[in-house]
Amino acid sequence: ITNSLPFSLAEDPLLKRKLVLSKNVYAAYEPPSRYQISGKYLTSIHDSYRREGIERLVGSGPTFGKSIFGDGATIRRIPLINMLGSNPDALSIMLGVVDCSQHMSDGGKKDVWYIAKKFLPVMKEIDPDKQYIDLVVFDGAFNIQKATQLLEEHYPKVTVQTGIEHTVSLIFGRLYRERSSYICSLQVCKDSKSCGACYSF
């Protein structure tokens, strides 16, 4: 209540488990600080989830192929590349997030070679014998598509597909950029003062 947390937290199974385990803790025990939780403990949880995810991804063996997909993003001015994997037993496994800040501050770019060099070690970790990765899905950006050609050279069974969400995003982006000229060409816009459409964006 003091920290405005929801009342449903009292029924959370993880909290209940923590309370049960705390009965066995010796009296001198001190709970971790927020820096420890956001540091080594969060890293440990991440590593554990990633390890379990890769085991599920690899565990399908020869029954199913494996897909790799990813994208570039800039979040709060931090340039990133995310890498994910998938198969019918593991629909979306986070394989890694690359922080490109140092590379780009040194004058580098998210170019073809850089992207390929980041994905290839991860692909090798999942499929060292190049037998099971058969699909790579990226957006339609030029540098990304060129990078996938390099991935195809290293993994001959790979088929590359363009993620449709990028294409749809480009279409809507273009529509919004041209919205004024398009909307004002409609019959209702003969008197722009009486038409609220142009001012609603």
Side-chain angles (χ1 to χ4, degrees), residues 6 8-9 11-18 37-76 78-101 103 110-173:
S8 59
L9 183 63
E11 300 173 359
D12 182 76
L14 292 177
L15 178 60
K16 290 182 177 181
R17 176 171 169 75
K18 178 182 177 181
I37 293 172
S38 64
K40 65 178 183 178
Y41 292 120
L42 186 59
T43 298
S44 176
I45 291 170
H46 166 269
D47 293 343
S48 175
Y49 273 99
R50 186 178 187 276
R51 186 169 56 252
E52 291 173 9
I54 289 179
E55 286 174 0
R56 283 173 35 221
L57 195 62
V58 174
S60 62
T63 307
F64 302 107
K66 300 173 186 17
S67 302
I68 299 293
F69 52 102
D71 195 9
T74 301
I75 300 175
R76 294 188 179 181
I78 301 174
L80 305 168
I81 297 173
N82 59 55
M83 297 178 280
L84 299 99
S86 177
N87 69 22
D89 295 327
L91 297 182
S92 183
I93 302 299
M94 176 60 73
L95 301 174
V97 177
V98 179
D99 183 350
C100 311
S101 301
H103 171 71
K110 291 184 194 175
D111 56 17
V112 176
W113 296 103
Y114 182 77
I115 294 168
K117 284 180 181 178
K118 294 301 177 184
F119 272 90
L120 282 172
V122 175
M123 293 170 70
K124 186 175 181 181
E125 179 183 5
I126 297 168
D127 185 11
D129 298 325
K130 305 180 180 181
Q131 296 295 313
Y132 306 123
I133 295 180
D134 54 12
L135 181 64
V136 173
V137 182
F138 289 116
D139 66 30
F142 177 79
N143 59 333
I144 296 286
Q145 289 300 310
K146 284 291 184 182
T148 58
Q149 292 179 13
L150 290 177
L151 299 182
E152 282 182 299
E153 291 183 14
H154 289 269
Y155 282 78
K157 293 187 177 183
V158 159
T159 298
V160 176
Q161 286 188 347
T162 302
I164 190 65
E165 80 286 348
H166 182 258
T167 305
V168 171
S169 175
L170 291 175
I171 291 171
F172 277 97

key: Ring-ring centroid check Phe119 Tyr155, cutoff 6.0 Å   = no
ask   = Any sub-3.5 Å donor-acceptor pair from Ser86's side-chain atoms to Leu91's backbone N or O?
value = yes
key: Sidechain-backbone polar pair: Asn82 side chain, Asp71 backbone, donor-acceptor under 3.5 Å   = yes
ask   = Between CD of Glu52 and CG of Asp47, what distance do you get to the nearest 0.5 Å?
value = 11.0 Å
query = Once you round to the nearest 0.5 Å, how far does NE2 of His103 lie from CG of Asp111?
reply = 5.5 Å
Salt bridge (charged side-chain N to carboxylate O under 4.0 Å, His left out) contacts touching residues 150-161 (sequence neighbours left out) = none
message = With rounding to the nearest 0.5 angstrom, report the NZ to CD1 distance, Lys110 to Ile81.
response = 5.5 Å
Side-chain donor or acceptor of Ser48 paired with backbone N/O of Ser44 under 3.5 Å = no
ask   = Name the one of Val158, Thr148, Ile126, Leu151 that satisfies side-chain contact (heavy atoms from CB on, under 4.5 Å) with Ile68?
value = Ile126
key: From Leu57 atom CG to Leu84 atom CG, the distance as rounded to the nearest 0.5 Å   = 10.5 Å
task = Any pair with a residue in residues 120-131 that passes salt bridge (charged side-chain N to carboxylate O under 4.0 Å, His left out), sequence neighbours left out, goes on the list, sorted by first then second residue, please.
result = Arg50-Glu125
ask   = Got a sec, which residues hit side-chain contact (heavy atoms from CB on, under 4.5 Å) with Asp134, two or more places apart in sequence or on another chain?
value = none
